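Contents: one structure, followed by commentary.
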Amino acid sequence: MEHKSILLLIVGCSLMLAAILAIIYRVVERRHRRMHPGQVRSRQVWDRLHSKRWHEQLSRIYQQCYFTFGRIPLLRRYVSKIRRRIASIHAYDEWTMRRETIHIVLTTLLLMILTLGLLLLLHQSLTSLVMMCLTFLILNNMIIDMFVHRVENRLLKQFVHFLGDVRHYYHAHGMIEEAIWDASEQATHETEQHGKKIYDILTSAEADVRLEQYYEVAPNRFLKGFAGISHLISEYGDKVLTSGSLYLNALSKLTQEVQLELLRREKLSYLLRSLTIIAVAPVLFTDPIERWAKDHFAVMAQFYDSKFGMIMKAIVYLAIIIAYVLLRKIQENDEGRFARSKRKKKWEKAFYSIPWIRFIVDRLVPPIFSKPYEHIKNLLKDGNAPIPMEWLYLHRLIYAVGTGVSVLMLCCYLHIVGSDQILNGMDNPGMMLGQVDAQSQEKANERLELERKITLTMKDEHEFVYEKVAGAVEQSEVAFKNEIEKKSVVQRIVTKIEHLSDEYVKWWEVLISFFIGWLAYYIPIALLYFQRRMRQMDLKNEVDQFHTLIGILCELDRISVENILEWLERFSELFKEPLQRCLLHYEAGAELALEELKEEVSYIPFIRTIEKFMLAVDKIPIREAFDDLESEQSYYRELRKQEMERVLDAKANWGQMIGFTPLYALIFLYLVIPLVYTSMNQMQNYYDQIQKLN
């Protein structure tokens, strides 16, 4: 009741403080409205100046924190990690990049400290502390992703307004460079930096070189497309189509693509909102549920302290980890980051350089050009996992060995838990609900201490165990009601000695460890299948974006198939590597390179696009090869919306199914099944007692 009183007091004080602040705000606002209009304007100017000064002071604090954290080893790596995530968005403004980095770092650390304090208050056991550290890392990644995604979405929203301003100023000036400059002057800070950089590229004497450099640091494909289209039309000149200006049509299509991307992200974020938190939350409730069950159901303590209870807890924790990994895969695929992040230090390379590990891995890799080799190769390609075949089998070997050893260690730990429960566990009390009274509890503790001492003394005896235990009980100072109670204590001690001698790692437990390790050997392959399944959902969206880009480029008079392929490779996320290989082989023969691309790609709509490229190489003009894009534009737009809805619903269904699995596991495996199990055991005990009375 003391903790509840403190919480109620805190909540009451918070509500009173909020009410007082609301009243003060209303009074100040009312007085502000009664002021003279001139005073209102001067007050607004003062507020803006005060806000600006506060913003400048906060920015200075962020810069000082940036240099301070740079001197601390662990924080330096943490700051560097977040800086790399947002580097492309603020690539041309070091001050803003540092400010945003430290803002994310400080907010993340503050939330992590509060979460860590809460977890320390809620959990006490060793396993819970281990899972608490895991939860800490998971929440850290979640918060970083949340901030980074917010910055990315904010840039896309600002870019939509920027494109509208470019359209307006292009109508006014008729010059692309001036329109981009004037739009940049009106844009927000992040968009202004990129707009002025594109203006510098267009007005530079080495525009092609600087444009390629910009492609390397541009934060998204849409800014790349805008910069490239502006450069092409600025260099070759605008032209008037039946639907109007080529440049304005390109801006309209690009704006539609950005808006569709924003809608897709926002809707999927809405559908998958809080699922990661729901998946991780059960780790916070395992110990509270266990304490509640022990307080209200006396026999539940035996279950949670037993080996079976430990296995149930391990299954719940395993479900949490698997659900988190799969949800991360869904969210990462949605953001287009299908390729793994490039790491400077690759631990796979260091492990594979060890001779005996290389010997084992090379024996596991299937022969080149064999059917299994081609199957795994295609799976790596479809899952967009850019790692060598040897590294994949190194992952599989580590999964297998690590999981097998972990299961074997868990078996050893369960035997330790079982031995401890045999020595310190009490008999089932004669009641299912509530707690045992103090007098009965004291007698039970006295008897338990006697049983523990005799069990430890006699555990190595193998002959005449019953007689020796009976003699030890007879010599003890514990008083028994009758001879029947004394014999039951002797029999219980003998049973404990037999069970204690059975607590060792058995051959079938080692066999189970090998079997589970063998199953873990296929976990990387299963993840690749899952990643391929998620990736295939977004293939249609990227091909539709390709068609939008092709519809813009094919109107240019001097465009070629190779130029369009270069644009697609630059714009692509899913088909980047096949397009890169096609461009490398294009000089050796266009038709042969496109044929290889067609064989390498398995997605039918993109194969149809490649076939049109093959016709446009030397048979018909590019505009004629893709003449159906404009004629059926409205149909494809509606079809694309339906496809997007279907993909989002499918991802939402996958996410909800995965996200709620740990919660279901917690409820059924850690609460419902233990209650049913202990209830059945208790009913069996009651039945045995009734039989003895008869």
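If you're wondering where the values come from, they're calculated on a predicted model, not measured in any experiment.
Residues Glu152 and Pro219 are not in side-chain contact: their nearest non-hydrogen atoms beyond the backbone lie 4.5 Å or more apart. Residues Val365 and Ile376 are not in side-chain contact: their nearest non-hydrogen atoms beyond the backbone lie 4.5 Å or more apart. At a threshold of 4.5 Å between non-hydrogen side-chain atoms, the residues Tyr393 and Ile360 do not count as touching. Counting heavy atoms from C-beta on, the side chains of Val647 and Leu268 never come closer than 4.5 Å. Side-chain contact check for Phe514 versus Leu408: every heavy-atom pair is 4.5 Å or farther apart. Counting heavy atoms from C-beta on, the side chains of His585 and Glu596 come closer than 4.5 Å. Residues Leu583 and Glu566 meet the side-chain proximity criterion, which asks for heavy atoms closer than 4.5 Å. Side-chain atoms of Leu666 and Leu671, non-hydrogen and from C-beta on, never get closer than 4.5 Å to each other.
Residue Met614 holds its CE atom at 4.5 Å from CD of Glu595, rounded to the nearest 0.5 Å. Taken to the nearest 0.5 Å, the CD1 atom of Ile604 stands 11.0 Å off from the OG1 atom of Thr609. In this structure, Glu600 CD and Asn378 CG are separated by 9.0 Å, a value rounded to the nearest 0.5 Å. Taking CG of Leu272 as the start and CG of Leu327 as the end, the distance is 7.5 Å to the nearest 0.5 Å. Note that the OH atom of Tyr373 and the CD1 atom of Ile368 stand 5.0 Å from one another [nearest 0.5 Å]. Atom OG in Ser269 sits 11.0 Å away from atom CG in Leu648 (nearest 0.5 Å).
The minimum heavy-atom distance linking Ala665 with Val316 is given by the pair O-CG2, 3.8 Å. Scanning all heavy atoms of the two residues, the minimum distance from Ser370 to Pro367 falls at OG-O, 2.5 Å. Of all non-hydrogen atoms in Asn220 and Leu223, the two that sit nearest each other are OD1-N, 2.9 Å.
Judged as a side chain to side chain donor-acceptor pair (under 3.5 Å), not a single pair has a partner in residues 653-665 (not counting sequence neighbours). Within the structure, side chain to side chain donor-acceptor pair (under 3.5 Å) pairs that include any residue of residues 504-528 comprise His415-Glu509 (at least two apart or interchain).
With hydrogens and angles disregarded, no donor-acceptor distance shorter than 3.5 Å links the side chain of Thr403 to the backbone of Ala400.
Heavy atoms from other residues, nucleotides or ligands lying under 6.0 Å from CZ of Phe668 number 12 at most. Around atom CZ of Phe351, no more than 12 heavy atoms belonging to other residues, nucleotides or ligands sit under 6.0 Å away. A 6.0 Å sphere centred on OH of Tyr399 holds no more than 12 heavy atoms belonging to other residues, nucleotides or ligands. Surrounding CE of Met409 are at most 12 heavy atoms belonging to other residues, nucleotides or ligands under 6.0 Å away.
In this view, Arg76 satisfies the salt bridge (Lys or Arg N to Asp or Glu O under 4.0 Å) rule with no residue, not counting sequence neighbours. With sequence neighbours excluded, no residue forms a salt bridge (Lys or Arg N to Asp or Glu O under 4.0 Å) with Arg396. Every residue two or more places apart in sequence or in another chain that forms a side-chain contact (heavy atoms from CB on, under 4.5 Å) with Leu379 is listed here: Ile525, Leu528, Tyr529, Arg532. Evaluation of the salt bridge (Lys or Arg N to Asp or Glu O under 4.0 Å) rule for Arg533 yields no partner, not counting sequence neighbours. Remark: Tyr324 engages no residue in a ring-ring contact (aromatic ring centres under 6.0 Å, His included) (not counting sequence neighbours). Residues meeting the side-chain contact (heavy atoms from CB on, under 4.5 Å) test with Thr68, sequence neighbours left out: Arg71. By the side-chain hydrogen bond (donor to acceptor under 3.5 Å, both in side chains) test, Asp362 is found to be paired with Tyr352, residues two or more places apart in sequence or in another chain being considered. With sequence neighbours left out, Ile278 forms a side-chain contact (heavy atoms from CB on, under 4.5 Å) with Leu275, Phe660. With sequence neighbours excluded, the residues that form a salt bridge (Lys or Arg N to Asp or Glu O under 4.0 Å) with Glu611 are Lys598, Arg608. Leu318 pairs by the side-chain contact (heavy atoms from CB on, under 4.5 Å) definition with Ile322, not counting sequence neighbours.
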Tyr304 and Met310: CA distance, side-chain angles, deciding distance, side-chain contact (heavy atoms from CB on, under 4.5 Å) verdict: CA-CA 7 Å; Tyr304 288 118; Met310 295 295 298; over 6 Å; no

Lys307 vs Glu503, side-chain contact (heavy atoms from CB on, under 4.5 Å): CA-CA, chis, key distance, verdict: CA-CA 11 Å; Lys307 293 188 285 186; Glu503 290 295 338; 3.4 Å; yes

Verdict with reasoning, Leu568 to Phe613, per side-chain contact (heavy atoms from CB on, under 4.5 Å): CA-CA 12 Å; Leu568 297 185; Phe613 281 134; 3.8 Å; yes

Derivation and outcome, side-chain contact (heavy atoms from CB on, under 4.5 Å), residues Glu290 and Tyr670: CA-CA 8 Å; Glu290 182 177 337; Tyr670 212 63; 2.8 Å; yes

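Taking 4.0 Å as the cut-off between side-chain N and carboxylate O, Glu261 and Arg221 do not count as a salt-bridged pair. Salt-bridge check for Glu569 with Lys576: passed, with a basic side-chain N closer than 4.0 Å to an acidic carboxylate O. A salt bridge does not link Glu390 with Arg358: none of the charged nitrogens is closer than 4.0 Å to a carboxylate oxygen.
Under the 30°/60° scheme for interplanar angles, the aromatic rings of Phe222 and Phe571 are found to stand perpendicular.
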